[in-house]
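Report on the following structure.
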Amino acid sequence: MNYWLVKSEPFKYSWEKFNQDKRTFWDGVRNYQARNNLREMKEGDLVLFYHSNEGKEVVGIAKVVKEAYQDPTTDDTNWVVVDLSPVETLKKPVTLETIKADERLKDISLVRQGRLSVMGLKAAEFDRIIELGS
DNA sequence: GCCAACGTTGGC
DNA sequence: GCCAACGTTGGC
């Protein structure tokens, strides 16, 4: 089991919308590193959902329900999507500020590599964020 | 709205 | 294959 974090700008695709949809394919990734991460996702992996720009906080937990396949929004075979479904909304969103201030989280990719939109998390980091969000 | 970080592109 | 120019992302 692996753990991930994905970013979405709320005005583009929000957690609320995701919960209405119940399931979505995660498209729009046009960065090789993020793409490689998508390809490594396995069914059942847990994914934190982060609102970038507006909010700047982790708002919920999703899971991978379908592994990487050709991005239906383009013919370019470089790009893939995965299907995600919402699992749980965090009681308290975990803000970027909180994450940066946390000794155990200050080295995660979200902080160190701000522009990456799909990143892996260690189990301990994932657990810590959940802990902060409950 | 600005700017830093960083990935990508293209000229050489 | 290097590196400057450029574009995009995202925090502030």
Side-chain angles (χ1 to χ4, degrees):
Chain A
M1 159 92 73
N2 286 305
Y3 300 95
W4 310 92
L5 184 147
V6 297
K7 289 182 183 175
S8 182
E9 300 187 40
F11 82 89
K12 197 176 153 205
Y13 196 79
S14 69
W15 176 249
E16 289 73 25
K17 177 79 163 57
F18 182 37
N19 273 273
Q20 285 162 25
D21 289 352
K22 303 291 186 209
R23 177 179 181 139
T24 190
F25 57 87
W26 203 257
D27 68 334
V29 170
R30 292 293 180 271
N31 166 287
Y32 289 105
Q33 208 179 338
R35 191 277 314 270
N36 292 342
N37 287 334
L38 282 185
R39 279 189 174 159
E40 283 176 27
M41 287 186 185
K42 298 288 176 220
E43 205 171 313
D45 280 359
L46 293 176
V47 182
L48 292 177
F49 193 108
Y50 175 81
H51 275 168
S52 65
N53 256 321
E54 235 177 287
K56 284 170 296 176
E57 55 196 13
V58 177
V59 287
I61 309 166
K63 69 172 184 230
V64 178
V65 290
K66 186 173 181 188
E67 293 172 17
Y69 58 98
Q70 169 67 35
D71 186 338
T73 65
T74 176
D75 288 333
D76 189 338
T77 53
N78 272 321
W79 307 116
V80 299
V81 298
V82 295
D83 284 1
L84 299 179
S85 277
V87 174
E88 192 183 343
T89 303
L90 293 182
K91 287 199 190 70
K92 291 186 301 180
V94 181
T95 64
L96 183 62
E97 196 183 359
T98 304
I99 290 169
K100 278 183 169 173
D102 193 281
E103 193 58 32
R104 279 175 275 179
L105 296 173
K106 63 180 171 48
D107 284 333
I108 67 172
S109 307
L110 183 65
V111 177
R112 282 192 300 114
Q113 209 177 343
R115 290 186 54 219
L116 192 60
S117 58
V118 180
M119 67 196 76
L121 290 176
K122 296 194 190 86
E125 295 166 345
F126 180 89
D127 289 345
R128 179 60 180 153
I129 292 172
I130 301 306
E131 191 184 336
L132 290 169
S134 353

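Note that these values count all heavy atoms, side chains included, but never hydrogens, waters or copies made by symmetry. Residue numbers begin at 1 in each chain, while the letters A, B, ... track the order of the sequences. In this text the structure is predicted, and so the values were computed from the model without any measurement.
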Starting at atom NZ of A:K56, determine the distance to atom P of C:dT9, rounded to an integer number of angstrom. 18 Å
Could you give the CG-to-C1' distance, from A:L110 to C:dT9, as a whole number of Å? 13 Å
Counting only heavy atoms not in A:D75, do more than 12 fall under 6.0 Å of its CG? no
Provide, to the nearest angstrom, the distance between the CD atom belonging to A:Q113 and the P atom belonging to B:dA5. 13 Å
Are A:F49 and A:W4 close enough that their ring centers fall under 6.0 Å? no
For A:Y32 and C:dG7, give me the distance from atom OH to atom P, rounded to whole Å. 18 Å
Quick one: A:M119 CE to B:dC6 P, roughly how many Å, whole number? 12 Å
For A:R128, salt bridge (Lys or Arg N to Asp or Glu O under 4.0 Å) partners two or more places apart: A:D102, A:E131
In whole angstrom, what separates A:R112's CZ from B:dA4's P? 21 Å
So what does A:N53 hit on the nucleic acid, given a heavy-atom distance under 4.0 Å: a base, only sugar-phosphate, or nothing? base
Please check the phosphate of C:dC12 (OP1 and OP2 only) for any side-chain N or O of A:K100 closer than 4.0 Å. yes
Residue-phosphate contact under 4.0 Å: A:K7 side-chain N/O, C:dT9 OP1/OP2: no
With a 3.5 Å cut-off and heavy atoms only, can you find an N or O donor on one side and an acceptor on the other between the side chain of A:R115 and the base of C:dT8? yes
Distance in angstrom units between A:N31 CG and B:dT8 P, rounded: 6 Å
Take atom CG of A:N36 and atom C1' of B:dG7, then tell me their distance rounded to the nearest Å. 13 Å
Side chains of A:D127 and A:Y3, donor plus acceptor under 3.5 Å: no
